[in-house]
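Chain identifiers are assigned alphabetically (A, B, ...) following the order of the sequence lines, protein sequences preceding nucleic acid strands; residue numbering begins at 1 within each chain. No hydrogens, no waters, no symmetry mates; every other heavy atom, side chains included, goes into these values.
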Amino acid sequence: MPTRIVTRFAPSPTGYLHIGGARTALFNWLYARGRGGKFLLRIEDTDRARHNEAAVEAIIDGLSWLGLDWDGEPISQYARRERHAEIAYALLDKGAAYRCYMTTDEIEASRLRAIETKSRFESPWRDADPATAPDGVPFTIRFRAPRDGETSVDDVVQGIVKFPNSALDDLIILRSDGAPTYNLAVVVDDHDMGVTHVIRGDDHLNNAARQQQIYAAMDWPIPSFSHVPLIHGADGAKLSKRHGALGVDAYRDLGFLPEGLANYLIRLGWSHGDDEIIPRVKALEWFDIAGINRAPARLDLSKLEHTNAHYMKALDDRAVVEKSAPFFARASVALDDGRRAQLLRAAPFLKERAPTLAAIVDAAGFLFLARPLDLSGKTGKALEKEGARALLAEIAGKLAGADWSSPEGLETSLKDFAADRAIGFGLIGQPLRAALTAGHSAPSLGEVLYALGREQGLGRIEDAVSP
RNA sequence: GCUCCCUUCGUCUAGUGGCCGAGGACGUCGGAUUUUCAAUCCGAAAAUCACGGGUUCGAAUCCCGUAGGGAGUCCCA
């Protein structure tokens, strides 16, 4: 118990931070940080071809954007290959591994034979006399896995999982070119990094048994394992390119807030009773591996949007402007100082109805229209009604003397006007809305007027009165 | 083929033997807001708890099997 918790996130650099990986990272981060432990980052680039700086950068960007920080420098598995080889040879010295001189073809043949005879694949070199080894021929180092009995993994999420050793054959731990293999590298690195809790995708559950055997052979303490189910696409199949957005960067570009994505992700496959809105502080307090579900979960964009909308509403007004600016740029809407000021003024109402930052651009559509507004077609229908324009003129008069310092004041003015005339609000609301927004969706009229400001607001009404 | 994992409303889930003739959330549908709307509020439909056995006075909850889905099966991670 007194040992400090150490978790790690170990992605392979594929070019972006996978949405599923982001969730595992989040779980690891939450578990460690919520308990005063350490969270480490390791890049699984054992395979030389995977060693790619740009891809590592993408992962770092993704994690940072999500607000997940790690202790120390990211560790490169590739950089530790000599240490891995050292352990492979240590295993060899202990007799827990052996040199295998089989060629690829021999392995293939032997593998097929094993399947046919329902026996486990075994290298003839496992028990061969080392003296008979060929000279100058490349060899791999194989782990000498126990033939009988079973290996049971005590997994926090999955429970106790038993594997008959007959199903676990002698895996290669060091390739013929001297490079370590995944299962060896993970064990060595996790051990050296002092990882106490391994939380990762359940596609690694099978590996856990093999890795556990290596731990045992080295006499190293076995960490706590938690294998969490993968995230699937809306159709239930494993998430792949055809599902669209895979990397967290794609969700950022869609206008999601890191807080929103994180909240949605943590709720996917994990629960704390009926709680849906779980801000970071609560997540740190509540997160526990025990709450993780064993079944894979599907990604649901609608719910993501709903969750994100919650965090949009909570956004500070200045943040609404700053964070949505890139989305205006992308929509080719130039934001000069004047428009930024307008946007800031409207921010309190816009964020109420925009589920994403990208949606702010649409929600602000009515703001930046140039006078005179295009009131042709369906938009101006409300203005064509008998007496509509005359009524608008009167409203303009009333508004000219109104209090423009708050949306409420303007709303009250309009309501009073309707009450004085003893007419339904709809009668003035419809033409007014048309004059002010030209059919764009917008907040309540008091808010629209306030956001537009006296000059622009009154101006638009004038335009509609005398086209 | 073999080994392992999974299976509660369309989706995410609550639920660890009686409080469940199954609760919440998203979505959907209907209504309200005498002003648009993707916002807000209210309401409704929606799961024979994959299926079949068993244990038990009693099972979504325990056991066995079947089906479907997923992972692994070697010089990928």
Q | Touch class at under 4.0 angstrom, heavy-atom based, for A/Pro229 against every strand present | A | nothing

Q: Scan A/Arg142 against the nucleic acid and name what it touches under 4.0 Å (heavy atoms): base, sugar-phosphate only, or nothing.
A: base

Q.
Just N and O in the side chain of A/Arg175: are any of them under 4.0 Å from OP1 or OP2 of B/A77?
A. yes

Q. Paired with B/U3 by Watson-Crick or G-U wobble geometry, both distances under 3.5 Å: which nucleotide is it?
A. B/A71

Q: For A/Ser302, report the nucleic acid contact type (base, sugar-phosphate, nothing); a contact means any heavy atom under 4.0 Å.
A: sugar-phosphate

(Q) Checking contacts here: which listed nucleotide (B/C4, B/C12, B/A77) is nearest the side-chain heavy atoms of A/Arg267? (A) B/C12

Q: Between A/Ile115 and A/Gln158, just flag the one whose closest nucleotide in RNA chain B comes earlier from the 5' side.
A: A/Ile115

Q) Any luck finding a side-chain donor-acceptor pair between A/Asn165 and A/Thr151 under 3.5 Å? A) yes

Q: May I ask you to say what A/His227 touches in the nucleic acid, namely base, sugar-phosphate or nothing, with a heavy-atom cut-off under 4.0 Å?
A: nothing

Q) What integer distance in Å separates A/Phe349:CZ from B/C37:C1'? A) 16 Å

Q: May I ask you to say what A/Gly426 touches in the nucleic acid, namely base, sugar-phosphate or nothing, with a heavy-atom cut-off under 4.0 Å?
A: sugar-phosphate

**Q.** A/Lys303 to A/Tyr264 six-membered ring, cation-pi geometry met (6.0 Å, 45°)
**A.** no

Q) With a 4.0 Å cut-off on heavy atoms, is A/Met312 in touch with a base, just the backbone sugar-phosphate, or nothing at all? A) nothing

Q.
I'd like to check, for A/His204, whether its ring lies over the base of B/A77 with centroids under 5.5 Å apart and a plane angle smaller than 30°.
A. yes

Q. Do A/Gln77 and A/Thr46 have side-chain N/O donor and acceptor atoms under 3.5 Å apart?
A. yes

